[in-house]
Trainee: 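Quick one: the structure is below, and I'll ask about it shortly.
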Amino acid sequence: MSGEREDVVCGPLQQRVLWGFVGLAPVGVALVVVGVVIGGGSTAGLVIAGAVVGVVGIGCVHPATARVRADAYGVHSSTVLRRRHVPWGDIADLEVYVQRGRSQDMNRVRVVQNNGRRWRLPLPIGTQDMRYGVEFDTKLAAMRALHRVYGTPRTERAPVISPRAAGHAGAGKPLAVCVLLLIAAGVSASFTPVVNETHQAWRAALPCTSWTPAADRDECLSAESAVIERTTVGRPKQRSFLYFADDRPLHRLSVSRDGARGFRPGDAVELTFWRHQVRVVTGADYIWHDHFVGTQSPAVLAALFVLGAGYPGAIAANRRRGRRLAADEVLPSVLPFVAVIGGTALWLLPLCYFHPLDMFGSPAPAAWAVAGLLATLVMAAAAWRATAPGEVTKATAGTRTRTRTGTAGSDDVFLPARFLEATDYNPHRFGTHIVLGGGRLPAVVPHAGPGRFAAKDIPVARLTVGDVRRLRGGDDETVPRAWHVATLDDAGTPVHLAAAPADLARILRELSAARQPDPQGS
């Protein structure tokens, strides 16, 4: 007991390195000041170097000053910006929060208070590196030991809150992204009539005459002569230009690459102006027309924004539905909703392209839109049911009284399933399926059949079926989200078997039945 009551102190492992960078911050600031005072282009590199050193040094202040201590009075956290103290009586649990990184994931300790508030401790931090991983596990185990002595932990083991778990993040951020995309869709759709009006005005524009009023000359076509001085053909995705002699009537004009290739220096051309812009350049051998955005473009872009908003919206709805799950339980996948988005795109994008303005103005596009909406609603309802958290039922040993799954010579049945631990019948976790039937014991195989090549018989006499639960954050991330996990007792050692709910129920029945004596003596 005395060993469990020792204080747990967490500090940065690379403390000297961090403080070394912090010490360079004044040097960086001094370099910036010297560069600004001296001035001139020669000091630009000095200013940039000083700014980089200063920013890095200031950024290291927070990790260098972070401290966490756990003792008999609770958990104490201090950084350069904030200090916190929570007694053990106010702490419900200590969780492992998995934070995504660029190269590797980081494990953090998250404190869960009795009032539901959660906050992450700045230390310890664990990574895939052996040193940091062992340090993190040791500190967390010591902190949970103190919690067991001076408080009442909610769970026996530390829940792992992975990015797939229900308690990892809320629905606020994806919902905000969804709203922003919908706003962008509305703005894009509002330009559709404006673009159509511009097209109609351009088609109806006539050449200006001497009787055209000055106020109306922007809406008519005016022509001016010019001479090409030189052309510049840009690279792909870069602009090309026509330059005019004596900068008359303008210095240069941005054109397409084909337009720049179509003219030569010295060519006499005629520029057609409309609404203060050059719309046509007419030469002896080539005519360049300004590109007008098509009426379909803003409508299709609005549809793409709507479809894009569906994905963060599905994530937000999925997280909202999973708020009643345990924090470490894995949420269902949103892939069914991605299929809904793809199916909607098949009818929505062509509709917006061919009928950007009269979507509901005539019977044919209106029927198209109504049929598409009904199809989307049907697909969405199916996706909603598919992503609902499945019910988890407790496995019982006496569910069936059969001793074998089939008779000798019957076909084997291969079910996707996976033992999460390495055992003598699952060496190096090689198994991907469990084969049933054939008048033989269930076995682990590394393939989907046929045949029992490399099969390892499961020692059903040693196994006792326990509870079944949903997938948790600490489980193998390669396991599909919709699978359930059964806890088995292997002669005193807990092992876990994962499979789809229906397949798992069948496997557990066969494992339990194999332990029963054969009533026919076979």
Side-chain angles (χ1 to χ4, degrees), residues 32 35-49 51 184 186-302 304-305 353 356-357:
V32 172
V36 172
V37 171
I38 296 177
S42 60
T43 62
L46 185 65
V47 173
I48 295 175
V187 173
S188 180
S190 66
F191 280 101
T192 302
V194 177
V195 171
N196 182 66
E197 180 183 355
T198 303
H199 277 212
Q200 292 181 352
W202 166 251
R203 295 190 186 97
L206 298 175
C208 298
T209 63
S210 57
W211 297 282
T212 303
D216 296 337
R217 285 189 172 270
D218 292 342
E219 298 298 327
C220 63
L221 306 179
S222 59
E224 294 190 25
S225 299
V227 177
I228 302 294
E229 181 180 4
R230 60 188 177 92
T231 63
T232 300
V233 181
R235 295 180 179 180
K237 298 183 180 180
Q238 292 183 349
R239 295 190 299 174
S240 301
F241 294 96
L242 299 178
Y243 292 85
F244 299 98
D246 300 328
D247 295 340
R248 296 168 56 186
L250 68 162
H251 174 59
R252 67 178 185 179
L253 174 66
S254 177
V255 297
S256 63
R257 297 185 69 196
D258 292 337
R261 292 193 182 101
F263 299 98
R264 296 290 183 269
D267 287 351
V269 296
E270 182 181 76
L271 307 184
T272 301
F273 287 82
W274 184 67
R275 292 186 178 181
H276 303 288
Q277 293 187 16
V278 178
R279 301 298 181 178
V280 181
V281 179
T282 304
D285 301 322
Y286 187 83
I287 299 177
W288 173 83
H289 293 270
D290 189 15
H291 172 70
F292 279 89
V293 177
T295 307
Q296 303 91 345
S297 298
V300 172
L301 183 60
L304 290 175
F305 278 128
Y353 183 83
L357 296 173

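Given the structure is predicted, the values throughout are model-derived calculations rather than measurements.
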Trainee: How long is the span from the CD atom in Gln277 to the CG atom in Leu253, to the nearest 0.5 Å?
Mentor: 9.5 Å
Trainee: Rounded to the nearest 0.5 Å, what's the gap from CZ on Arg279 to CG on Leu221? Could you check?
Mentor: 10.5 Å
Trainee: I'd like to check the side-chain hydrogen bond (donor to acceptor under 3.5 Å, both in side chains) partners of Arg252; sequence neighbours left out, ordered by chain and number.
Mentor: Tyr243
Trainee: What's the spacing between Arg239 CZ and Thr232 OG1 if we round to 0.5 Å?
Mentor: 11.5 Å
Trainee: Mind checking ring pair (Phe, Tyr, Trp, His ring centres under 6.0 Å) for Tyr286 and listing every partner two or more places apart, or none if nothing turns up?
Mentor: Phe263
Trainee: So which pairs with a foot in residues 243-282 pass disulfide bond (SG atoms under 2.5 Å apart), sequence neighbours left out?
Mentor: none
Trainee: Hey, are the side chains of Glu270 and Glu224 touching, using non-hydrogen atoms and a 4.5 Å cut-off?
Mentor: no
Trainee: Where do Ser240 and Ser256 come nearest, in terms of heavy atoms and distance?
Mentor: CB-O, 3.8 Å
Trainee: Ignoring hydrogens, what is the shortest heavy-atom contact between Pro249 and Ser225? Give both atom names and the distance.
Mentor: CD-O, 4.1 Å
Trainee: Less than 4.5 Å apart, side chain to side chain, heavy atoms only: is that true for Leu357 and Thr192?
Mentor: yes
Trainee: Show the nearest heavy-atom pair for residues Ala205 and Glu219, with the distance to one decimal.
Mentor: CB-O, 3.7 Å
Trainee: Leu242 and Ala260: which non-hydrogen atoms are nearest, and at how many Å?
Mentor: CD2-CA, 4.1 Å
Trainee: To the nearest 0.5 Å, how far apart are CG in Asp285 and CG in Asp267?
Mentor: 7.0 Å
Trainee: With Ala49, which residues qualify under side chain to side chain contact (heavy atoms under 4.5 Å, CB included), at least two apart?
Mentor: none
Trainee: Got more than 12 heavy atoms from elsewhere within 6.0 Å of CZ, Arg248?
Mentor: no
Trainee: Would you call Phe244 and Leu271 a side-chain contact if the rule is heavy atoms closer than 4.5 Å?
Mentor: yes
Trainee: Which atom names give the shortest non-hydrogen contact between Pro265 and Glu229, and what distance separates them?
Mentor: CB-O, 3.3 Å
Trainee: Could you list the residues that satisfy ring pair (Phe, Tyr, Trp, His ring centres under 6.0 Å) with Trp274, not counting sequence neighbours?
Mentor: Trp202
Trainee: Please indicate whether Phe241 has more than 12 foreign heavy atoms, meaning atoms of other residues, nucleotides or ligands, lying under 6.0 Å from its CZ.
Mentor: yes
Trainee: Quick check for you: to the nearest 0.5 Å, what is the distance between Ser222 atom OG and His276 atom NE2?
Mentor: 9.5 Å
Trainee: I need the Asp290 CG to Thr272 OG1 distance, nearest 0.5 Å.
Mentor: 11.5 Å
Trainee: Is any side-chain heavy atom of Arg264 closer than 4.5 Å to a side-chain heavy atom of Ile228?
Mentor: no
Trainee: For His289, enumerate each residue passing the ring pair (Phe, Tyr, Trp, His ring centres under 6.0 Å) test, keeping only those at least two apart in sequence or located in another chain.
Mentor: none
Trainee: Is it true that a side-chain atom of Ser188 and a backbone atom of Pro298 form a donor plus acceptor pair closer than 3.5 Å?
Mentor: yes
